[in-house]
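A short write-up of the structure that comes next.
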Amino acid sequence: MPVNADFQGRVYPPTETYRVSAAKIREFAEAVGSADPVHVDAEVARARGYADVIAPPTFAVLIAQQCDGQLIRDPEAGIDFSRVVHGEQRFVHHRPLTAGDAVVGTLHVDTVREAGGHAMVTTRTELATEAGEAVCTATSTIVIRGAE
Amino acid sequence: MSTQPSTPGAPGTTPAAVRSFSEVSVGDALPAMTVHVDRARLVQYAGASLDRNRIHWDEPFARAVGLPDVIAHGMFTMGSAVTLVTAWVGDAGRVVEYGVRFTRPVVVPYDAGADIEVSGVVKSADPETKRVTVELTATATGEKVLGRALAVAVLD
């Protein structure tokens, strides 16, 4: 089934709040091998001007991929998850994600296109605090491989 | 791990950790590193990132969907590669932009795992904003696994 091009331009309602915890930041930092104490030591983080420990630069993917799930799980979108490959990923940080942040994600489907028998979907998740402060823009392109 | 002594709560207290813009030139090479990844590491990343796709830890499943073996999460490669930049900058919070293309999967055999070789070069430096752009190169078994990998950091 082809990917539904009508989804281009779609914007989903903001997700439920995701609460960024120091424990999850530590777990993520250890998994990617980031030795910066700013991820685990609140005193170090405060001395550098942050409110609490901060997340590594790619931590936001954890929240963004949950947002993307709204599109990928939608049967009308026509995305066969077993054929999905991650093509590109980009983050623009307006400020670091910080332990204690309560953030919501708003998913935008920027482009849906076909090329060489494959479909490519670019989504953008705007992460903001519940109060509306922009935190991170995460942009992802997935490739849905066509049938051989 | 040692931290700089500081007076708690004192305004302007900053551990002298962040690289100074004045000591950076376009063309500078960052110290290269090797990231070793094995199945245990992928399970660890799957749990931390909540990306539990079986192609990253279940070999029979990966082969059944046409892959040569288990492959690393692209986001594991992206996330571990940028530690080269954050360590060089001195503060992970100074990376304000980071983007990559995933050009080739990192295949992770059961016994040997895989080595990802990561290097980086300063591509541009803007004295007005003290922003530097680092281009990262990441290879596994001699082939590039990331393309157009650019990280932008704000220095002191």
Side-chain angles (χ1 to χ4, degrees), chain A residues 23-41 43-50 53-66 69 81-98 136-143 145 148, chain B residues 1-4 6-10 12-15 17-18 33 35-37 41-51 53 55 65-66 73-83 85-87 89-103 105 147-148 150-153:
Chain A
K24 198 67 186 170
I25 288 174
R26 172 189 284 266
E27 191 185 349
F28 192 94
E30 287 175 352
V32 294
S34 182
D36 191 334
V38 78
H39 305 309
V40 296
D41 186 331
E43 275 188 38
V44 168
R46 288 190 194 107
R48 294 189 198 169
Y50 305 114
V53 292
I54 61 166
T58 61
F59 180 93
V61 74
L62 190 162
I63 314 168
Q65 283 186 345
Q66 290 179 1
F81 188 65
S82 72
R83 309 195 72 82
V84 166
V85 177
H86 201 174
E88 295 184 36
Q89 182 68 45
R90 181 173 150 80
F91 302 95
V92 175
H93 294 288
H94 311 298
R95 68 157 173 81
L97 275 163
T98 307
C136 176
T137 303
T139 309
S140 171
T141 299
I142 57 169
V143 180
R145 294 177 295 138
E148 269 94 279
Chain B
M1 196 169 294
S2 69
T3 53
Q4 299 283 327
S6 64
T7 310
T13 302
T14 312
V18 174
M33 67 176 186
V35 176
H36 183 70
V37 53
R41 196 69 186 279
L42 294 181
V43 170
Q44 184 183 6
Y45 184 78
S49 68
L50 308 179
D51 181 344
N53 191 327
I55 62 174
V65 297
H73 305 73
M75 287 307 305
F76 170 79
T77 304
M78 183 182 187
S80 59
V82 79
T83 64
V85 179
T86 54
V89 169
D91 178 7
R94 296 299 187 102
V95 172
V96 292
E97 295 181 26
Y98 181 37
V100 305
R101 296 175 82 169
F102 301 103
T103 52
R148 235 165 47 193
L150 297 170
V152 179

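What you see is a predicted model, and the numbers here were worked out from it, not measured in a lab. Here is the naming used below: chain letters follow the sequence lines, and residue numbers restart at 1 for every chain.
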Considering non-hydrogen atoms only, spot the tightest contact between A:Val32 and B:Tyr45 and give its length.
CG1-CE1, 3.6 Å
Between the main-chain N or O of B:Val100 and the side-chain N or O of A:Arg90, is there a donor-acceptor pair closer than 3.5 Å?
no
At a heavy-atom distance under 4.5 Å, which candidate from B:Ala151, B:Gly99, B:Ala48 has the highest pair count against chain A?
B:Ala48
Flag the one option from A:Ser82, A:Pro96, A:Gly33, A:Pro57 with the top tally of heavy-atom pairs under 4.5 Å to chain B.
A:Pro57
Who wins among B:Ala46, B:Gly66, B:Gly79 for the most heavy-atom pairs under 4.5 Å with chain A?
B:Gly79
Examine whether an atom of A:Glu30 lies under 4.5 Å from a heavy atom of chain B, and if so say whether it belongs to the side chain, the backbone or both; otherwise answer neither.
both
Find the one option among A:Ala29, A:Ala55, A:Ser34, A:Cys136 whose heavy-atom pairs under 4.5 Å with chain B are most numerous.
A:Ser34
Highest number of heavy-atom pairs under 4.5 Å with chain A among B:Val82, B:Asp91, B:Val95 belongs to B:Asp91
Just so I understand: if I count every heavy-atom pair under 4.5 Å between each of A:Thr139, A:Leu97, A:Ile63, A:Leu62 and chain B, which residue has the most?
A:Leu62
Of all heavy-atom pairs between A:Tyr50 and B:Gly93, which one has the smallest distance, and what is that distance?
OH-CA, 3.4 Å
Which pair of heavy atoms, one from B:Ala92 and one from A:His39, lies closest together, and at what distance?
CB-CE1, 3.4 Å
Tell me, for A:His94 versus chain B, whether the close heavy atoms (under 4.5 Å) come from the side chain, the backbone, both or neither.
neither
Which answer fits A:Phe59, side chain, backbone, both or neither, if we ask what part of it has an atom under 4.5 Å from a heavy atom of chain B?
neither
Taking atom NE2 of A:His86 and atom CG of B:Asp51, what is their separation to the nearest 0.5 Å?
9.5 Å
What one should report as the nearest heavy-atom pair of A:Arg145 and B:Val65 is NH2-O, 4.3 Å
Approximate separation, where rounding is to 0.5 Å, of B:Phe102 CZ and A:Gln89 CD
6.0 Å
Are any of the side-chain heavy atoms of B:Leu50 and A:Gln65 separated by less than 4.5 Å?
no
Applying a strict 4.5 Å limit to non-hydrogen atoms, the region of A:Val38 in contact with chain B is side chain
